[in-house]
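The structure under discussion appears below in the form of structure tokens.
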Amino acid sequence: IEGVRQIQDIRVTGLSQLKLADIKEVIKVDLQTSWENINVEAIEVAVMGIDLVESVQVSLGVDQVLIIAIIEPEIIALNYDKGWCRLYSNGHRDCQSHELINVPIVEVEFQQNTNWRTLANYLVELKKEHRKVYNDLSMLVVDSDQVNAHFISHRVKVRLLLREVQTWKKYNYLLTHFAESLMKKKELDLRFEGY
């Protein structure tokens with residue numbers, strides 16, 4: 001509109017866990033803000049400072065509309081620490097919610113030394129590369145870089161190192177070709193090459 005100098009509207013998309021008020025609080029922009037004073041990069045940096053934001057794209061639309069498109073991280077696992085905590089795909093952990101959801105549970109031996117981002121990245125990669133394994137995963141028990149995996153469909157405990165997602169390729173092969181003999185085992189150790 002000719003002669004209009006202020007923001008006419010702020011549109012935020014992609015919110016499911018965050019609220020519009022959370023975004024407006026950090027961007028320091030409202031309908032009184034002059035159009036010429038909008039700094040897209042500063043708004044993106046401010047929004048990325050929110051834990052439940054994985055990515056953001058800010059643009060200036062026609063008719064002085066500020067558009068903020070947000071992608072929130074997904075809940076990749078649950079962890080118990082004086083209550084249920086959600087572990088998100090970006091490594092953020094939120095212990096405010098008490099609602100249980102259908103994702104693997106992660107039990108960590110030494111919570112204070114845990115690199116949640118590494119663990120989240122591992123689970124994201126596992127879900128991407130081996131979705132059937134991720135969907136069947138009941139619990140991961142983590143002790144430094146060593147992990148015990150427990151499954152919904154069977155009782156074989158799988159021991160592995162928390163580095164190589166490709167280890168699950170070997171597990172899938174064994175499960176596909178030796179399922180009957182595998183189910184007679186209590187533990188499958190995939191920590192070592194060629195085991």
Side-chain angles (χ1 to χ4, degrees), residues 10-29 42-58 68-165 167-168 171 190-191:
I10 299 171
R11 292 190 196 137
V12 182
T13 62
L15 299 183
S16 62
Q17 298 165 88
L18 288 166
K19 295 179 177 43
L20 184 57
D22 298 328
I23 306 305
K24 286 187 172 180
E25 187 179 321
V26 299
I27 65 172
K28 308 286 190 252
V29 172
I43 292 171
E44 287 180 347
V45 168
V47 173
M48 280 305 294
I50 301 172
D51 289 327
L52 287 179
V53 172
E54 190 156 281
S55 69
V56 63
Q57 185 172 12
V58 177
I68 304 172
I70 290 173
I71 296 176
E72 295 179 343
E74 67 173 318
I75 301 166
I76 198 76
L78 289 176
N79 168 252
Y80 193 81
D81 182 14
K82 303 183 192 101
W84 287 105
C85 301
R86 294 173 173 194
L87 177 61
Y88 290 87
S89 55
N90 65 351
H92 173 65
R93 211 168 64 118
D94 178 16
C95 298
Q96 304 301 317
S97 177
H98 300 291
E99 181 189 356
L100 285 171
I101 53 175
N102 189 21
V103 290
I105 292 170
V106 173
E107 188 178 292
V108 180
E109 298 297 315
F110 304 104
Q111 297 253 6
Q112 66 274 14
N113 299 332
T114 305
N115 187 334
W116 294 106
R117 183 176 287 280
T118 300
L119 190 50
N121 288 345
Y122 179 84
L123 287 168
V124 167
E125 203 56 29
L126 176 62
K127 187 175 182 179
K128 189 171 90 181
E129 298 294 324
H130 304 285
R131 184 175 282 274
K132 277 175 68 176
V133 173
Y134 173 85
N135 288 342
D136 194 31
L137 195 59
S138 170
M139 180 185 283
L140 272 186
V141 181
V142 183
D143 183 2
S144 64
D145 72 338
Q146 187 171 297
V147 179
N148 290 324
H150 302 267
F151 296 90
I152 297 164
S153 64
H154 59 79
R155 296 191 171 179
V156 178
K157 179 170 73 175
V158 178
R159 295 171 66 87
L160 63 148
L161 297 175
L162 189 61
R163 286 196 299 268
E164 283 294 320
V165 174
T167 305
W168 293 109
Y171 165 79
L190 296 180
R191 291 174 300 166

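Below, each value reflects all heavy atoms present in this structure, side chains not excepted, and no hydrogens, waters or symmetry copies.
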Exercise. Apply side-chain contact (heavy atoms from CB on, under 4.5 Å) to I68 and I23, showing your working.
Key: CA-CA 9 Å; I68 304 172; I23 306 305; 4.2 Å; yes
Can you name the nearest heavy-atom pair linking [X] to [Y], along with the distance?
{"X": "R159", "Y": "N148", "answer": "CG-OD1, 3.0 Å"}
{"X": "M48", "Y": "E54", "answer": "CE-O, 3.3 Å"}
{"X": "L15", "Y": "L20", "answer": "CD1-N, 3.7 Å"}
{"X": "R86", "Y": "L78", "answer": "CG-CD2, 3.9 Å"}

Neighbour count >12 (heavy atoms, 6.0 Å) for atom [atom1], [X]:
{"X": "E129", "atom1": "CD", "result": "yes"}
{"X": "Q146", "atom1": "CD", "result": "yes"}
{"X": "R117", "atom1": "CZ", "result": "no"}

Does any non-hydrogen side-chain atom of [Y] lie less than 4.5 Å from one of [X]?
{"X": "W84", "Y": "N79", "value": "no"}
{"X": "V141", "Y": "H150", "value": "yes"}
{"X": "E74", "Y": "K127", "value": "yes"}
{"X": "L161", "Y": "V147", "value": "no"}
{"X": "V29", "Y": "I43", "value": "yes"}
{"X": "L123", "Y": "L140", "value": "yes"}
{"X": "L160", "Y": "W168", "value": "yes"}
{"X": "I71", "Y": "V56", "value": "no"}

Roughly how far, to the nearest 0.5 Å, is [atom2] of [Y] from [atom1] of [X]?
{"X": "N102", "Y": "I75", "atom1": "CG", "atom2": "CD1", "answer": "11.5 Å"}
{"X": "L87", "Y": "I105", "atom1": "CG", "atom2": "CD1", "answer": "12.5 Å"}
{"X": "D143", "Y": "E107", "atom1": "CG", "atom2": "CD", "answer": "10.5 Å"}

Self-check item: Aromatic ring proximity, centroids under 6.0 angstrom, Y171 and F151
Solution: yes
Quiz prompt | Lys/Arg-Asp/Glu bridge criterion (N-O < 4.0 Å) met for D51, R93 | solution = no
Quiz item: Between Y88 and Q17, is a side-chain hydrogen bond (donor to acceptor under 3.5 Å, both in side chains) present by the stated rule, with each step listed?
Solution: CA-CA 12 Å; Y88 290 87; Q17 298 165 88; 2.8 Å; yes
Donor-acceptor under 3.5 Å ([X] side chain, [Y] main chain):
{"X": "Y134", "Y": "I76", "answer": "yes"}
{"X": "E72", "Y": "L18", "answer": "yes"}
{"X": "E44", "Y": "V58", "answer": "yes"}
{"X": "D22", "Y": "K19", "answer": "yes"}
{"X": "S89", "Y": "P73", "answer": "no"}

Practice problem: Report the C-alpha distance between H154 and D136 in whole Å, list the side-chain angles of each, state the deciding distance to 0.1 Å, and finish with yes or no for side-chain contact (heavy atoms from CB on, under 4.5 Å). | Solution: CA-CA 9 Å; H154 59 79; D136 194 31; 4.2 Å; yes
Quiz item: Checking side-chain contact (heavy atoms from CB on, under 4.5 Å) for the pair L126/V124: CA distance, chi angles, key distance, verdict?
Solution: CA-CA 5 Å; L126 176 62; V124 167; over 6 Å; no
Exercise. Apply the test side-chain contact (heavy atoms from CB on, under 4.5 Å) to residues H92 and D94: give CA-CA distance (whole Å), side-chain angles for both, the deciding distance (0.1 Å), then the verdict.
Key: CA-CA 7 Å; H92 173 65; D94 178 16; 3.9 Å; yes
